[in-house]
Amino acid sequence: MSFEPRILGFLCNWCSYAGADLAGVSRIQYPPNMRVIRVMCSGRVDPQFIFEALQQGLDGVYVMGCHIGDCHYLEGNHEAIKKFNMVIKFLSIVNLENRVRLDWVSASEGVRFSELVSEFIQDIKNIGPSPLRRDCPDKRLMEKLKAIERAAASDRIRALVGRERKITEQENVYGEKVSQEIYDELLNTAIHDEYIRSRILILLEKEPKSVKDIAAEIEIDPNKVLENILVLKGRAQVDMSEIVDITPIYVRT
Amino acid sequence: MNEAAIENKGEIKQWNPKIIAFLCNWCSYAGADLAGVSRIQYPPTIRVVRVPCSGRINPFFIIKSLMDGWDGVVVSGCHPGDCHYISGNLVARRRFAILKDLLDFFGIEPERVQFMWASAAEGERFAVLIKKITKLMRKVGPNDRFKKKW
Amino acid sequence: MKKVGSVLVVGAGIGGSQASLDLGDAGYKVYLVESTTSIGGVMAQLDKTFPTNDCAMCIVSPKLVETGRHQNVDLFINVEILDVKGEAGNFTVKILKKTLHVNVDKCTGCGICGRECPVEAIDIFNEGLARHSATSVKYPQAVPLVYAINRDYCIGCGICLGVCKAKAVEYGMEDEIMEINVGAIILAPGFDEYIPPEGNKYGYGKFKNVVTSIEFERILSASGPYSGKILRPSDGDVPEKVAFLQCIGSRDYRDGQPYCSSVCCMYTTKEAIIAKEHMNLLNPTIFSMDIRAYGKDFDKYIHRAQEEYGVRYIRSRISHLEEDPKTQDLIVTYEDETGIIAKEMYNLAVLSVGLNPPNDAVYLSEKFGVDLNEFNFVRTDIFNPVQTSRAGIFACGAFTSPKDIPETVTQASAAAGCVNQLLHDQRGTLITEKSLPPEIFVAGQPPRIGAFICHCGINIGGYVDVPEVTRYAGTLPNVVLADRNLYTCSADTQTIIKEKIKEYNLNRVIVASCTPRTHEPLFQETIREAGLNRYLFQMANIRDQCSWVHMHEPEEATRKAKDLIRMAVNSAREIQPLERIRLSVTPKVLVIGGGISGMVAARNLAFQEFETYLIEKGSVLGGHARNIYTTLEGGNVQEYLSNLINEINSNKLIHVYTQAKIENIEGYIGNFKTSIIHGEKKEKVKFKHGVVIVATGADEYEPTEFLYGKDDRIIKQSEFEKLINTTDDIRKKKSVVMIQCVGSRNTEHPYCSRMCCAEAIKNAIKTKELNPETEVIILYRDIRTYGFKELYYRKAREAGIFFIRFDETKPPEVRVEKDNLKIIVENPKIGKISIDSDMIVLSVGIVANGVENEEMGKMLKVPLNEDNFYLEAHVKLRPVEFATEGIFLAGLSHCPKSIEDSISQANAAVSRACTILSKDEIEAEGKVACIDITRCSGCGMCVENCAYNAIELILDRRFGLVASINQVLCKGCGACSGNCRCSAIDILGFTGEQIYEMITGRVE
Amino acid sequence: MSKKSDENPRIGVFICHCGSNIGGLIDCKKLAEYSGTLPEVVYSEDNVYTCSETGLNAIKKAIKDYNLNRVVVASCTPRTHEPLFRECIAEVGLNEYLFNFVNIRDQCTWVHMKDAEGAYKKARDLVKMGAARAAKLEPLDKVSVQIQPVALIIGGGVAGMSAALNLNNQGYETHLIEKEDQLGGRLTSLHTLFPSNIDASELLANFVNKIQLAKNLTIYISAKLRKIDGFVGNYSVEIDKAGEIIKLMVGIIIVAVGASLFIPKHMLGYDGKKRITQQELEVILKNNDLNTNNIVMIQCVGARNEERSYCSSVCCMTALKNAIFISNKNPGAHITILFRDLYTPGTKYEAMYRKARELGILFIRYTEKKELKVEENEVRVFNEYLGEEIIVPYDLLVLSTPLIANEDNKALARLLKVPLESNDFFLEAHVKLRPNDFATDGIFIGGAAKWPVDITEAITQGYAAASRASTILSHDVIEVEGTTSYLPEWNKNLCSGCEVCIKVCPYKAIIKNEHDEIEIIQALCKGCGVCGATCSKQAIEIKHFTNEQILSEIYACGGRDVY
């Protein structure tokens, strides 16, 4: 039996929500798998919402806003793109990136709305149920996703994403434009770093561990773990508790 | 979970002893500053009196502090050999070794008085020592024997 | 061209800082320029220093703070030199002040910008072991404590601007070009360490567990990224077996530099000891060719490493490393001294990398027009190692040749000494003295305390409830004003403080903010400008030691801040205004010892028109140098000596007394009185002087071993030198055997005499030149041709001179056989050999004259070390002076050293002396000990405890034997007071009353 | 406002049948019963039409009877019906923001007609989510802003004067500032106007006359805007009138600063004597000084090139106007117009072109590829049709240059915090829908400040801006939506002051105040919430769309498996 995906939609009030209403007024039919949360603007969708929704075991998350240039709030949807790109980068780490989608639907596009939703539902059906479904969530994946949520909430990532348009599209404080490539490289590094750091923190919150244990759990080079532990130590988030034999054990402070 | 972690979590509810700390200006005081600059957290139990050198500390200051109801006294100087004043800390060391015996003789818990070294580069060590001493003082308990009635 | 009384110092490491302080103190305007963003150089990166294991940061940071605050020193950071014009006495230098994008005057160093910056960058100060943000300060104790934006990393997001409450971030700030006019220039750019290139044989850069020694230094450092825990980078485990590989990039003709980097053997030993100290699990092994522990007390240090810390030394040079891919351990293959090839596994390998000239050496040499030597170190005069090829430009530190900290400090002072000589007539012309209002008389008045509490942006205000603390402060007795400021240290707040002092008629001021270590002088200056005595000030540290360390407990932090302020107020109530004692200075000098050191010092002083008394115990001037004909590098010593003696004798300001003996010295800094007996007739002379320079030299060891004195073919190296320089006898010799370390490095004299290896090689080469047929064999324990002297070692080997090593425990045996001399020596590799020779030369050590030194030491109240050499005030940072102020030290009486080094030290002693002699009167610190003689029992405990000889017992008319404190000599440490059994001694500024008041009055 | 309402939520849920629109597909009764089981829900019922008088009365009654403090209605769409229900609960004393709408018609029953079961489950989830959000709702106040019925117009050109007169006629106190020492702007340099051939000075005199006669209209010449603070209805501005500082409180601002003319220095031999611009020609014509016969005009000088890629839109008509004028006056004149493309839109303008051809004016096309060569007395132009170079002799060469943005636009834009486009003209809020507004409330734009326009268009836009402005000025008070962003007191210590929010806010509603703290000006905030989603410390909250509210919906959605 094909499964019925559970999908959460974030619809901006002015275009896509109206578009969804129009689909209703026009009685355009589409499968009932999506539950909608109305927000004023697609730019309001805090990345945290998406990560939380996925942790709830929902099979997909759909963010919809006005077409570029049509935003009721001028540029909110531009900001939504930047946030969404960041979400995708993070979710690629755990191969969940195809469970979230961002699209534009105008108030007059009832048909487009229903088509997009149907398509997304079908795509999710093809991918299959979320590995985080409530009945038997994949615990390791859940832990990774928690780490992602925490990493994405870090000042560093949020500040970088918050300033992305300013520095890549307009000009930075020196009156220069930073190329998208340089910015992406920087963001990718930051995402990678913060993800690893969050994973380390989450592991240490459960119990004190050594560098090598952590490395084995998150499957990266112990050298990288050590580097990141040092950064976390600098931020007073972890501490060395004792040295067992020759191996230092770290704890969450 | 290790002790430090437990200590950190439970700290808010725990009794905070009042400890007076005599720090030499050149090493320990600088080390305490470094702990601050590096934002290394430790319990808010100490009150610092800056002195030029650990050698400046008259044993009487320590006894006076205890009489005045401080729960503990910390004296911290430069590491042996690092003294800004060549040998002041060594003079101090000799002096305090004797003082400890004296306290015992008086019936004051000798643990109430702690001597330590911390260099200007040892911000973290400073914090760790203060944590340790705080914990120790908690074990020893309040010093109400001499407490003045205000 | 007119001479100018200002100096440019290039490079603000320990050398540049020392030179600047010397010159600033001596009354010159100093421009100190530094290419990075803060001063301190490599020394600030070090964890500990050899051979005393002093904490580098502890000893250097007060010096750096002093440099940063010195009123005659203008410090420019992030500077590039653009152009140099002019000549000795008057240079015009164009410099480029590169923008930091942070306003140095506004930045409070709080660091919020660094914490909020979203871009991470490599932390160069921590040798890439850690990361910090694109907005950062070099290290937490940096001077000046100013954050800078690294444009290589900064993406211009603008967040730092937003979070900076001091509004110090200025992105638009541009580079600035400045022209400065100076009379002399000192180059102190330091060195850059050798970095093994890509594809090196040691796998550095490829194997994670191979680190350089400077990286290891940061690993060791308690404030480094590993917090002083020794962990290996690959997996963070503690490396139980650590291998140190010596001579990486040094003594290496293929991949590195041919010279010896001089300091690696010692710093490696230090690193091994400290590593062991930090982590007892560790077992360090050092692989080296020779162990070059040639400095003062160095050999003892090596001994301690072996005996106390179990450091293993293996005499072998390692050519490459392999990695076990599974464990990432490293495999060391080596051939030991007996020729056996062994393989050992290590968890971590430390490459003891050599010292290269600074990367911008060529640039500097072009800009300043000074020559470099073949390795791109600066070329200096053969007898004056701080004089470059261009007059008026001096160099010091590792830029002249690889060297350690005390030698750098000595050279820095020496360069300053030479500048003094050049510019003495312009001294004091460019410095300005602040005019201050007369002090308000406050004694006896009830305390009226003003408390200023700082928000420090959000650094304090974010965690401590400042308004509440202010309110509380206002309720404390005697507090008539409690005010709070966003930044109490900002310039506008200084004006406010001054106004409030007037408005509220304050007579005590307390500031609750950051740390007095950096900010007390600023506030003291402010209240002094308002007419208050600068000691009527007290600081409460509610940031570094409160808000920053209790960020998660704002309530407790607020309570603590209140307590600290109350304690400060309690203390402030007891403060009395203090006077700084002023003393006149006699601008005359006594130089003891007429060797090269003494004469160089005297000549320099006389040149500066200071009257100098030069006394020599012998009948002629010249000292030890009279036995030396050339230096290893080829300098003509005899010619230099005779010129010097002529200059001394012809200078009217120098009074030379030979066959002189000091009868008595009394007095103290600025005011000594000395009487001597001199000449054959034992005439008595008395004179006054302001300082003393001790340059009494040392003696050659008189050997009793190796049949010396039993056969006239067995001679000392100095006798051999005379023989080859004055006779033709060498042509008749078929074979000469030299034995090293005679009377050095043994139980009796457990130190290295430093020069004997060079002397032996010098004379061996000379022998070969005179008669290539003569076979020359040198029997040695370690060849210690440090620095560029290493080249002569190689030259000697190339010239066919044989070097045979023997072990300390198996010294060579000398036999006189009929016509022949036979030497039997055991080499660890080739075993016992016997050599026939017709001459044996003993390289004898330098020994201190214990009896004389002890006598002199007592008279001057200065200490000796175990080997009877004089003990300087601080091995690292005060190498040419004694703890007792006004007494300085130069030459062999300090420890064995070369002629050039003696000359440097002499000039350095002069420079240090000039900081006193240049002033009409000197001012003593106000916070000093004082005594209540009515309570003194005259027990003398304080006299023993005083490290500065500031206390003596005197006979008082009324109270009998009592202690008397010379406040000029007192440093205010308080060791006397702490030990005074009658509580007769108190420390002004830290009085017992003040401290009692702080202890009592605690709020529950 | 406190962080948490003191009372526990007591939610009432009303399920609308919407006749058969909803009830025809799903069992509303069952849904209402289900709703009653949800946490914090103390009352639920179903209505045939919740929006009917009966339905609304039922809500009011239930609020009273069950002491409800939150109301959820599940029916059509909030976009049409939310105001009605808000008003309804407000009538019985509940704060109107304590209402939550669940859309089970437009986005559920209507679109899942063939899957009744699926639709029911979806409706059930949506109600559950709606109730969960309702439990977290907080009462809010609408922000009302007093309006100063005063207008400030920047720029005394034709657009600015039109706007000023219009607003003044409507009875508003009006202030007009002009940076030059006389009113009129570009009109002062024109000779006649196309297509009517009215004398420009006549029109100008007419305008100036009216303005000077108007009461309650103050003119500041040689004046500049110096400082501006505040927000819609309450801008406090400082005007620098030749050194004198004048302070005003105004409700709205109209930007009508016009544009400048591009001077073709070092181009095509321009010397201001024999080779001049169209503007200089107009001055000559005005003074009746023209005494040459061979006139060549070159179009698009310095326009539609790499540096200025736009068409200045008025130059073709200006050239035609002047050519016709000369030709009419002196039929013997030889006039040649070298053009790239001739833009003569609309009936009247095309007619002028026709007339010019009839008058014998020569039009020769040149291309951008082959450069024109201007010699001392002739122009060499390569004609594509002929495939060869044509030599056109001249006595007077007239260069048609484009209008460009004023140099001081950047400074003014920074002062007003409004955007410029890539050529430094001012950028309106929306090209199609809000052509005379800025994104910032209370600031409007008209005339050539936005784009090169002719006099007719300038007047039109002046009126348009005035009309837009009067929608604000006509109110004593305007109410601003309560669903704004704000920095809650309890989050203030989180804020590091990084200013990321300031940069992403399109309305410039976020500032650093004098205490160096982030402050969100409620009157400017539109509540889009981008700042909250961007805030690097997650310190900013959006009223009525708080993180807590949205997360509770997410949790409710993800909660128990409803399939």
Side-chain angles (χ1 to χ4, degrees), chain A residues 3-4 6 8 10 13 17-18 20-41 43-49 52-53 55-58 69-76 79-80 83 114 133-135 153-159 161-163 165-166, chain D residues 76-80 101 103 105-115 117-123 125-126 129 133 429-431 439 483 496 498 500-501 503-504 506-507 526-530 532-538 542 544-545 547 550-551 553-555 557-563:
Chain A
F3 92 108
E4 286 299 332
R6 294 188 302 140
L8 188 62
F10 290 97
N13 184 55
Y17 196 88
D21 276 357
L22 180 63
V25 175
S26 325
R27 310 295 197 278
I28 302 161
Q29 303 297 302
Y30 56 88
N33 303 61
M34 186 161 91
R35 311 287 181 263
V36 169
I37 293 179
R38 182 170 65 115
V39 288
M40 294 313 277
C41 176
R44 165 66 182 117
V45 181
D46 196 307
Q48 187 196 358
F49 298 163
E52 283 288 341
Q55 282 175 47
Q56 288 297 315
L58 293 164
D70 289 353
C71 178
H72 182 80
Y73 301 106
L74 312 171
E75 292 178 335
E79 293 294 336
K83 293 185 175 60
S114 67
R133 282 207 155 201
R134 291 224 147 198
D135 35 1
S154 67
D155 317 345
R156 189 178 168 202
I157 302 291
R158 286 181 74 98
V161 173
R163 283 289 159 97
R165 292 187 58 229
K166 174 83 185 151
Chain D
C76 42
T77 170
R79 295 175 53 256
T80 54
F101 208 108
N103 183 334
R105 188 190 73 178
D106 294 39
Q107 294 183 10
C108 188
T109 55
W110 277 356
V111 289
H112 311 307
M113 286 170 165
K114 288 166 196 154
D115 183 357
E117 197 198 336
Y120 178 73
K121 283 178 178 167
K122 176 167 175 179
D125 277 5
L126 290 173
M129 289 159 68
R133 175 160 188 266
H430 192 284
V431 179
T483 60
S496 65
C498 72
V500 168
C501 49
K503 297 285 183 328
V504 297
Y507 302 101
K526 302 275 181 215
C528 69
V530 172
T534 309
C535 175
S536 64
K537 307 281 181 186
Q538 292 184 296
I542 292 91
H544 210 55
F545 288 92
N547 280 359
I550 294 177
L551 285 171
E553 279 191 87
I554 295 171
Y555 297 148
C557 176
R560 286 186 297 271
D561 196 347
V562 285
Y563 275 96

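Below, chains carry the letters A, B, ... as their sequence lines are ordered, and counting in each starts from 1.
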Side chain / backbone / both / neither for A:E52 at chain D, heavy atoms under 4.5 Å: both

Contact origin within A:L58 toward chain D - heavy atom pairs under 4.5 Å: side chain

Exercise: identify the closest heavy-atom pair between D:S536 and A:A159: CB-N, 3.9 Å

Non-hydrogen atoms of D:A533 and A:D46 that approach each other most closely: CA-OD2, 3.7 Å

side-chain contact (heavy atoms from CB on, under 4.5 Å) between A:K166 and D:V504, intermediate numbers included: CA-CA 8 Å; A:K166 174 83 185 151; D:V504 297; over 6 Å; no

Evaluation steps, side-chain contact (heavy atoms from CB on, under 4.5 Å), between A:V39 and D:I550: CA-CA 9 Å; A:V39 288; D:I550 294 177; 3.9 Å; yes

Most chain A-contacting option - heavy-atom pairs closer than 4.5 Å, from D:A123, D:C535, D:C76, D:A119: D:C535

Part of A:R27 within contact of chain D (heavy atom distance under 4.5 Å): both

Residue selection (most heavy-atom pairs with chain A, distance under 4.5 Å) from D:D115, D:N547, D:L126: D:N547

Over all atoms of both residues, closest heavy-atom pair of A:C41 and D:V530: SG-CG2, 4.4 Å

Heavy-atom pair with the smallest gap, counting every atom of A:Y17 and D:Q107: O-NE2, 3.2 Å

Trace of the side-chain contact (heavy atoms from CB on, under 4.5 Å) decision for A:R6 with D:D125: CA-CA 11 Å; A:R6 294 188 302 140; D:D125 277 5; 5.5 Å; no

Residue, of D:P78, D:G532, D:C501, D:S496, that accumulates the most heavy atom pairs under 4.5 Å with chain A: D:P78

Interface moiety of D:C498 toward chain A, non-hydrogen atoms closer than 4.5 Å: backbone

Residue pair A:Y73 / D:Y507: nearest heavy atoms and the distance that separates them: CA-OH, 3.1 Å

D:K122 side chain vs A:M34 backbone, donor-acceptor pair below 3.5 Å: yes

Residue among A:R38, A:Q48, A:R165 with most heavy-atom pairs under 4.5 Å to chain D: A:R38

Interchain contact, D:F101 with chain A, by part (heavy-atom threshold 4.5 Å): neither

Minimum heavy-atom distance between A:V25 and D:D106, given as atom pair plus value: CG2-OD2, 3.8 Å

D:M129 portion near chain A, given a 4.5 angstrom heavy-atom threshold: side chain

Proximal component of D:K503, with respect to chain A [non-hydrogen, under 4.5 Å]: side chain

